Structures are given as C-alpha cells and as structure tokens.
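Contents: one structure, followed by commentary.
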Amino acid sequence: MAAAATYEPYPAMPAGHTTGSLTGRVTNTNGTGIQGANVTIVNASNLSLFYTGGKTDSEGNFGFSGINSSGGQEAYRVYANASGYSDAYSVPVRIEPGNTCNVHTLILGGSGPSPTPTPSPTPKPGNVSGYVTLAGYGGAITDARVCLVDALDAFTVYNATYTNTSGYYRFEGVRIIGAPGYRVHVEKDGYVEAYSAPFNVNQGASVSVNMTVNKIPEPTATATSGNNPSGRVNTTTDATIISSATPASPANAGIPGLPGFAAITAVAGVVIAYAAVRKQ
C-alpha cells in the first residue's frame, strides 16, 4: 500500500478540545531502526484515508504534532512501509487534547532493500609501441603504416598510425581484450608487409613490439635469343653459336650488298675488249 499523494483534513475536534501529538519507531525484525521509512497517519476505519505523513530518522523514530483530538475515540492508525520490507499498521489509537500518544514500535518484516552492487572497476587501458626497421640492416623505416589488428581477424583494425623519422610508432589507450589478443601489421610500398606474433595487453601495461620488414627484390634483367626462347642468357651456348658461324670470304669481304674485288676485275676486262673491237 503506497502513501497517498494528497491528504485529507483531520476529523473535527469536539468543542473545547485541543490538538495532541503522536510518536513511535519503525524497526526490522532484529530490532534495528529503519531509516527513511514512510510513516502515514490514516483513518482507523478507512485505511485509504490519509491525514499526514513523513519519514523516520536515522534511528527509525518518527513524530507528528498538531493532530486533532479524537474526543476519546480510537480514530487513528499509523501505517509504515519501506523498500524491501513488508508493510505494517499500528493498532487504533486516540489522541487526547494536549497529550502525546506513543504507538511504540512498528516492526516491518523482510530483509530490506537489496544492496547496490559495487560496479567493477573499469580496466585501465595500456599502450603498444615499437620501432620498424629494415631487416638485416637496422635502418629506420619512416612513414610506414602500422595497424593494431585482431589476432584472429586481420581485417578488424583497432587503431592505425605511421612511423616517424626514427621508425617509431605508438598506440595509446589500448583496451583489454581476451586472448589471443592483438597483432601489429606493417606495410609500405616497396616492402613486404609483416605481422607480429599475437600478444596481450594487460591493465595499464606498456607492450613493446618491434618490427622488421624486407624490401621487395628488384626484377632481374633478362636477354632473349632466337636459340634461347626462355630469355635466359646462356654464355656457353651463345659462344658456341658465334664460333660456328661461316667466316666471311676475303673476296667478298667489305660492305654488305656490294660485289667483291674479283668480280669487279672481270667486268672491267670485258668492257675494255669491247671498246677495242668498236675502234677497229
């Protein structure tokens, strides 16, 4: 039963009567006073008729004054309720003019409100940092993209940054996740991308993950030969081909496409003989 939002006036007092007071205490079954319990004065015959209300103090005590005298009639009851406890009503009481009525103790059954659970502290995040260097040489790799990814799903990226001129990177505020935790992924044009081994970040811890990357090898120059369709240069085979070529004849050596010296001499002799015949 809840306390009413509004109260009704007290019953009228008999002529010549004055107001009185009412006190009491609300406890649990162990006798401990209940602080903040709701206490309401209600009509003894009609429990839904409320006159006034208040709350108990730190010891479970309550008190009301200015209550109209009931003219010797047991016209009032005290109703008490509190969160986590069962409700309780006092026996009917009367208010004598100028006197205080003590209803003694109202005992509420139950264990009281459930304790508010203490929230678990939020884990303090950690950080991850390290250097990215060239494998075998140790030189710093600048402007490499570094990603903090899930150890089981490299497409789940939690954070990303780039290395500075020293090859250094750092992730702040890394939250705690379950094993196997994180990996570090490094990529840059001209280099083979690399992943770290899985690692965990403990509460407030700093984890160092240094990475090395390899350059992508430069393409090897190749030569193509009619006798070597694969394009690979074979020194022994090519040398053999050159040495087995037909040597140029001394008679026709010279500029390609022109007759040799012997042919020119023969033609010249024919021309001279023909000219001598004509002269005759």
Side-chain angles (χ1 to χ4, degrees), residues 113-248 253 255-257:
S114 301
T116 302
T118 302
S120 300
T122 302
K124 183 180 180 181
N127 61 76
V128 178
S129 62
Y131 290 88
V132 179
T133 57
L134 180 61
Y137 296 91
I141 304 297
T142 63
D143 295 323
R145 188 170 188 263
V146 183
C147 298
L148 188 65
V149 303
D150 190 273
L152 297 178
D153 180 11
F155 292 101
T156 301
V157 179
Y158 296 104
N159 208 339
T161 187
Y162 288 85
T163 55
N164 63 14
T165 55
S166 299
Y168 181 76
Y169 72 90
R170 184 177 179 87
F171 297 114
E172 296 280 359
V174 179
R175 63 186 181 88
I176 313 303
I177 64 173
Y182 299 99
R183 287 179 187 264
V184 169
H185 173 222
V186 178
E187 61 181 350
K188 183 178 181 179
D189 289 345
Y191 294 84
V192 180
E193 63 178 330
Y195 286 90
S196 74
F199 61 90
N200 287 306
V201 177
N202 296 322
Q203 180 172 317
S206 297
V207 179
S208 178
V209 182
N210 295 320
M211 301 288 294
T212 58
V213 293
N214 291 285
K215 279 189 174 182
I216 297 175
E218 294 290 339
T220 303
T222 59
T224 303
S225 171
N227 294 320
N228 186 11
S230 67
R232 292 191 298 271
V233 175
N234 187 320
T235 305
T236 303
T237 303
D238 291 349
T240 302
I241 293 173
I242 293 172
S243 63
S244 63
T246 303
I255 301 174

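Predicted model, so just to flag it, every value in this text is computed and none were measured.
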Exercise. Kindly indicate whether the side chain of Thr161, heavy atoms from C-beta on, has any atom under 4.5 Å from the side chain of Arg170.
Key: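 A side-chain contact under 4.5 Å is absent here.
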Quiz item: Would you call Val128 and Val201 a side-chain contact if the rule is heavy atoms closer than 4.5 Å?
Solution: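 Yes. Closest side-chain heavy atoms under 4.5 Å.
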Practice problem: Over 60° means perpendicular and under 30° means parallel, so classify the ring planes of Tyr182 and Tyr158, tilted if in between. | Solution: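 Geometry flag for Tyr182 against Tyr158: perpendicular rings.
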Using every non-hydrogen atom in the two residues, find where [X] and [Y] come nearest and quote the distance to one decimal.
{"X": "Val213", "Y": "Ile141", "result": "CG2-CG1, 3.8 Å"}
{"X": "Cys147", "Y": "Ala160", "result": "SG-CB, 3.9 Å"}
{"X": "Asn127", "Y": "Glu172", "result": "CB-OE1, 3.8 Å"}
{"X": "Gly130", "Y": "Asn210", "result": "CA-OD1, 3.4 Å"}
{"X": "Pro180", "Y": "Pro198", "result": "O-CB, 3.7 Å"}
{"X": "Lys124", "Y": "Ile176", "result": "O-CD1, 4.1 Å"}

How long is the straight-line distance from [atom2] of [Y] back to [atom1] of [X], given to the nearest 0.5 Å?
{"X": "Glu193", "Y": "Arg145", "atom1": "CD", "atom2": "CZ", "result": "11.0 Å"}
{"X": "Asn214", "Y": "Tyr137", "atom1": "CG", "atom2": "OH", "result": "10.0 Å"}
{"X": "Ser129", "Y": "Tyr169", "atom1": "OG", "atom2": "OH", "result": "6.5 Å"}

Practice problem: Show your working on side chain to side chain contact (heavy atoms under 4.5 Å, CB included) between Val186 and Tyr191 and close with a plain yes or no. | Solution: CA-CA 9 Å; Val186 178; Tyr191 294 84; over 6 Å; no
Can any side-chain N or O of [X] pair as donor or acceptor with the backbone N or O of [Y] at less than 3.5 Å?
{"X": "Lys188", "Y": "Thr142", "value": "yes"}
{"X": "Arg175", "Y": "Pro125", "value": "no"}
{"X": "Thr163", "Y": "Asp143", "value": "yes"}

Quiz item: Applying the side-chain contact (heavy atoms from CB on, under 4.5 Å) test to Thr156, which of Val149, Leu148, Asp150 qualifies?
Solution: Asp150
Quiz item: More than 12 heavy atoms of other residues, nucleotides or ligands under 6.0 Å from CG of Asp153: is that the case?
Solution: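 Buried by this count: over 12 neighbours within 6.0 Å.
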